[in-house]
Engineer: 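Provided herewith is a single structure, encoded as structure tokens, for subsequent inquiry.
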Amino acid sequence: MKHYAAICFDFDYTLGDSTDSIVAGFQSAFVRLGYPAPDRETVRHTVGYLLEDSYSMLTGDYSADNRALFRKYFIEVARPRQMEETILYPGAVELIRTLHDRGVRLGIVSTKLADTIRYILNRYGVLDCFDLVIGSADVTRHKPDPEGLLMALDRMNARKERFLFCGDTVLDAEAAQRAGVDFAAVLNGTTPAEDFQDWTCTYVAQDLLDLTAFLTE
């Protein structure tokens with residue numbers, strides 16, 4: 001394993017789990033827009049995509065007005081719950097603190113709202129370990145576009161050869177490849193290990209404890 005000077009993480013299903021609040025937000029918004037409420041597993045498999053894209057994937061509706069309404073209705077229900085109910089996975093706090101204490105610069109690049117992520121990290125006492133949090137409102141092009149990662153590289157003044165991105169979906173893997181940085185997959189979400197076979201992965205971690213062993217060996 002090479003020594004990384006900077007490491008960025010995706011958030012949902014990489015560091016944290018907001019499933020209950022996300023499902024509640026989807027179900028409420030779908031009903032308000034006249035659709036049947038999607039089941040939990042259907043929603044889980046959209047986590048990682050931009051909210052509007054998830055809506056269109058599940059409904060076939062690409063109307064800009066309805067996509068915007070979906071986000072509005074979703075946030076009304078989901079955001080307050082995400083801020084208070086989201087959990088960090090076992091080993092997350094220890095991994096973050098260990099890397100920070102070793103002088104590794106840390107960041108997050110996610111399709112979640114940055115303020116929501118900051119609130120959650122602060123609730124767990126680790127917000128001060130991060131140099132930056134880039135969320136959906138901070139970029140114009142979302143993963144798998146590399147805009148967020150390239151922004152992180154610039155803001156962290158990091159060299160690509162010493163930068164690692166950790167995520168749970170092939171969207172994350174593609175974004176890392178297009179940005180020209182190393183990628184480590186974390187199997188906390190719905191994407192199985194075999195789905196990463198078409199992407200260059202420095203490591204495929206079963207969970208954050210496994211990732212910690214890889215990054216701190």
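Quick note: numbers below take in every heavy atom, side chains included, and nothing from hydrogens, waters or symmetry partners.
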Engineer: What is the minimum heavy-atom distance between Ala37 and Val31, and which atoms define it?
Structural biologist: CB-CG2, 4.1 Å

Engineer: Under a 4.5 Å cut-off applied to non-hydrogen side-chain atoms, are Thr202 and Phe214 in contact?
Structural biologist: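 A side-chain contact exists here, since the closest heavy-atom pair is under 4.5 Å.
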
Engineer: Would you check if the side chain of Arg123 reaches a backbone N or O of Met83 as a donor-acceptor pair within less than 3.5 Å?
Structural biologist: yes

Engineer: To check you understand the geometry: which heavy-atom pair defines the closest contact between Val186 and Cys166, and what is its length?
Structural biologist: CG2-CB, 4.4 Å

Engineer: Counting only heavy atoms not in Arg155 (residues, nucleotides, ligands), do more than 12 fall under 6.0 Å from its CZ?
Structural biologist: no

Engineer: When rounded to the nearest 0.5 angstrom, what distance separates CD1 in Ile7 from CG in Leu211?
Structural biologist: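 So the gap between those two atoms works out to 7.5 Å.
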
Engineer: If you measure from the Lys or Arg side-chain nitrogens to the Asp or Glu carboxylate oxygens, is any gap between Asp61 and Arg67 under 4.0 Å?
Structural biologist: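 No, Asp61 and Arg67 are not salt-bridged.
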
Engineer: Quick check: do Gln177 and Phe183 have side-chain heavy atoms less than 4.5 Å from each other?
Structural biologist: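 No; the side chains remain at least 4.5 Å from each other.
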
Engineer: Who passes side chain to side chain contact (heavy atoms under 4.5 Å, CB included) against Pro80, sequence neighbours left out?
Structural biologist: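 Listed in chain order: nothing, the list is empty.
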
Engineer: With a 6.0 Å cut-off (strictly less than), is the heavy-atom count around CG of Asn157, excluding the residue itself, greater than 12?
Structural biologist: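 No - once you tally the heavy atoms of other residues, nucleotides and ligands closer than 6.0 Å, there are 12 at most.
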
Engineer: Determine, using ring centers only, whether Tyr55 and Phe26 are less than 6.0 Å apart.
Structural biologist: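 Judged by ring-centre distance (under 6.0 Å), Phe26 and Tyr55 do not meet the cut-off.
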
Engineer: Distance check, rounded to the nearest 0.5 Å: Leu50 atom CG versus Met57 atom CE?
Structural biologist: 11.0 Å

Engineer: Please tell me whether Tyr89 and Tyr13 form a close aromatic pair, meaning their ring centres lie under 6.0 Å apart.
Structural biologist: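 When the ring centroids of Tyr89 and Tyr13 are compared, they turn out to be at least 6.0 Å apart.
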
Engineer: Do you reckon Val133 sits in the same ILVMFWY cluster as Leu88, going by side-chain contacts under 4.5 Å, direct or chained?
Structural biologist: yes

Engineer: Supply the atom-to-atom distance Ile120 CD1 to Leu127 CG, rounded to the nearest 0.5 angstrom.
Structural biologist: 11.0 Å

Engineer: Which heavy-atom pair separates Thr14 from Asn188 by the least distance, and what is that distance?
Structural biologist: O-ND2, 3.1 Å

Engineer: List the atom of Ser110, the atom of Phe11, and the distance in Å for their closest heavy-atom pair.
Structural biologist: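 Smallest heavy-atom distance, with atoms named: OG-CB, 3.9 Å.
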
Engineer: Counting distance only, does the side-chain N/O of Ser28 pair as donor-acceptor with the main-chain N or O of Gly25 below 3.5 Å?
Structural biologist: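 Such a contact is absent between Ser28 side chain and Gly25 backbone.
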
Engineer: Considering non-hydrogen atoms only, spot the tightest contact between Gly91 and Thr212 and give its length.
Structural biologist: O-OG1, 4.3 Å

Engineer: Give the cluster check for Ile96 versus Tyr203: same hydrophobic cluster or not, with ILVMFWY residues linked at side-chain heavy-atom distances below 4.5 Å.
Structural biologist: yes

Engineer: Do Asp207 and Asp210 have side-chain heavy atoms sitting under 4.5 Å apart?
Structural biologist: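 SC-SC contact between Asp207 and Asp210 confirmed.
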
Engineer: Check whether Gln27 reaches the backbone of Pro38 with its side chain - one donor and one acceptor, N or O, closer than 3.5 Å.
Structural biologist: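 Pair found, side chain donor or acceptor close to backbone of Pro38.
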
Engineer: Looking at side-chain heavy atoms only, is the closest gap between Leu187 and Val204 below 4.5 Å?
Structural biologist: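 Answer yes - side chains close enough.
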
Engineer: Nearest 0.5 Å, please: how far is CG in Asp195 from CD in Gln197?
Structural biologist: 8.0 Å

Engineer: So, taking the atom named CD1 in Ile117 and the one named OG1 in Thr86, what distance separates them when rounded to the nearest 0.5 Å?
Structural biologist: 9.5 Å

Engineer: Please determine, by modelled atom types, if Lys112 and Ser18 share a side-chain donor-acceptor pair under 3.5 angstrom.
Structural biologist: yes

Engineer: I'd like to know if the side chain of Asp65 pairs up with that of Ser63 as donor and acceptor (distance under 3.5 Å, no hydrogens or angles considered).
Structural biologist: no

Engineer: Charged N to carboxylate O below 4.0 Å: is that the case for Arg162 and Asp182?
Structural biologist: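 No, no charged N to carboxylate O under 4.0 Å.
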
Engineer: Compare all side-chain heavy atoms of Leu99 with those of Tyr4 and state whether any distance is below 4.5 angstrom.
Structural biologist: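 No; the side chains remain at least 4.5 Å from each other.
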
Engineer: In terms of heavy-atom contacts, does OH of Tyr35 have more than 12 from other residues, nucleotides or ligands at under 6.0 Å?
Structural biologist: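 Correct, the count exceeds 12.
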
Engineer: Taking the side chain as every heavy atom from C-beta outward, state whether Glu84 and Tyr119 have any atom pair closer than 4.5 Å.
Structural biologist: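 SC-SC contact between Glu84 and Tyr119 confirmed.
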
Engineer: For Leu215 and Leu164, run side-chain contact (heavy atoms from CB on, under 4.5 Å): C-alpha distance rounded to whole Å, both residues' side-chain angles, the deciding distance at 0.1 Å, then the answer.
Structural biologist: CA-CA 10 Å; Leu215 291 175; Leu164 176 71; 3.6 Å; yes

Engineer: Return yes if some donor-acceptor pair links the side-chain N/O of His100 with the main-chain N/O of Leu106 below 3.5 Å, else return no.
Structural biologist: no

Engineer: Is it true that Thr191 and Asp168 share a donor-acceptor pair across their side chains at a distance under 3.5 Å?
Structural biologist: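 Looking only at side-chain atoms, Thr191 and Asp168 do not form any donor-acceptor pair under 3.5 Å.
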
Engineer: Check whether the side chains of Asp101 and Thr98 place a donor and an acceptor atom closer than 3.5 Å, and report yes or no.
Structural biologist: no

Engineer: Would Ile108 and Leu121 satisfy side-chain contact (heavy atoms from CB on, under 4.5 Å), going step by step from the backbone distance to the final call?
Structural biologist: CA-CA 11 Å; Ile108 289 178; Leu121 295 175; 3.6 Å; yes

Engineer: Check the pair Leu171 / Asp10 against side-chain contact (heavy atoms from CB on, under 4.5 Å), numbers first and verdict last.
Structural biologist: CA-CA 10 Å; Leu171 298 176; Asp10 174 51; over 6 Å; no

Engineer: Under the criterion side-chain contact (heavy atoms from CB on, under 4.5 Å), which of Leu15, Thr19, Asp20 is the partner of Asp17?
Structural biologist: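 One option only clears the test, and that one is Thr19.
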
Engineer: According to the interplanar angle, ranging from 0 to 90°, do the rings of Phe9 and Phe130 count as parallel (below 30°), tilted (30 to 60°) or perpendicular (above 60°)?
Structural biologist: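 Perpendicular, since the angle between the ring planes exceeds 60°.
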
Engineer: Heavy atoms only: give me the nearest Arg81-Ala24 pair and the separation to one decimal.
Structural biologist: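 Smallest heavy-atom distance, with atoms named: NH1-CB, 3.3 Å.
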
Engineer: Could you see if Leu153 belongs to whatever hydrophobic cluster contains Phe165? Use Ile, Leu, Val, Met, Phe, Trp, Tyr and a side-chain cutoff under 4.5 Å.
Structural biologist: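 Same hydrophobic cluster.
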
Engineer: Would you check if Lys160 and Leu150 make a side-chain contact, meaning some heavy-atom pair closer than 4.5 Å?
Structural biologist: yes

Engineer: OG1 of Thr216 to CZ of Arg102: how many Å apart, nearest 0.5 Å?
Structural biologist: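 If we round to the nearest 0.5 Å, Thr216:OG1 and Arg102:CZ are 5.0 Å apart.
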
Engineer: Quick one, Met151 and Leu132 - any side-chain contact, counting heavy atoms below 4.5 Å?
Structural biologist: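 Met151 does not reach Leu132 side chain to side chain.
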
Engineer: Under 3.5 Å, which donor-acceptor pairs link side chains of residues 71-79 to any protein atom two or more places apart or in another chain?
Structural biologist:
residue, atom, partner, partner atom, Å
Arg71, NE, Glu52, OE1, 3.3
Arg71, NE, Glu52, OE2, 2.5
Arg71, NH2, Glu52, OE1, 3.0
Lys72, NZ, Glu76, OE2, 2.8
Glu76, OE1, Arg32, NH1, 2.8
Arg79, NE, Thr116, OG1, 3.0

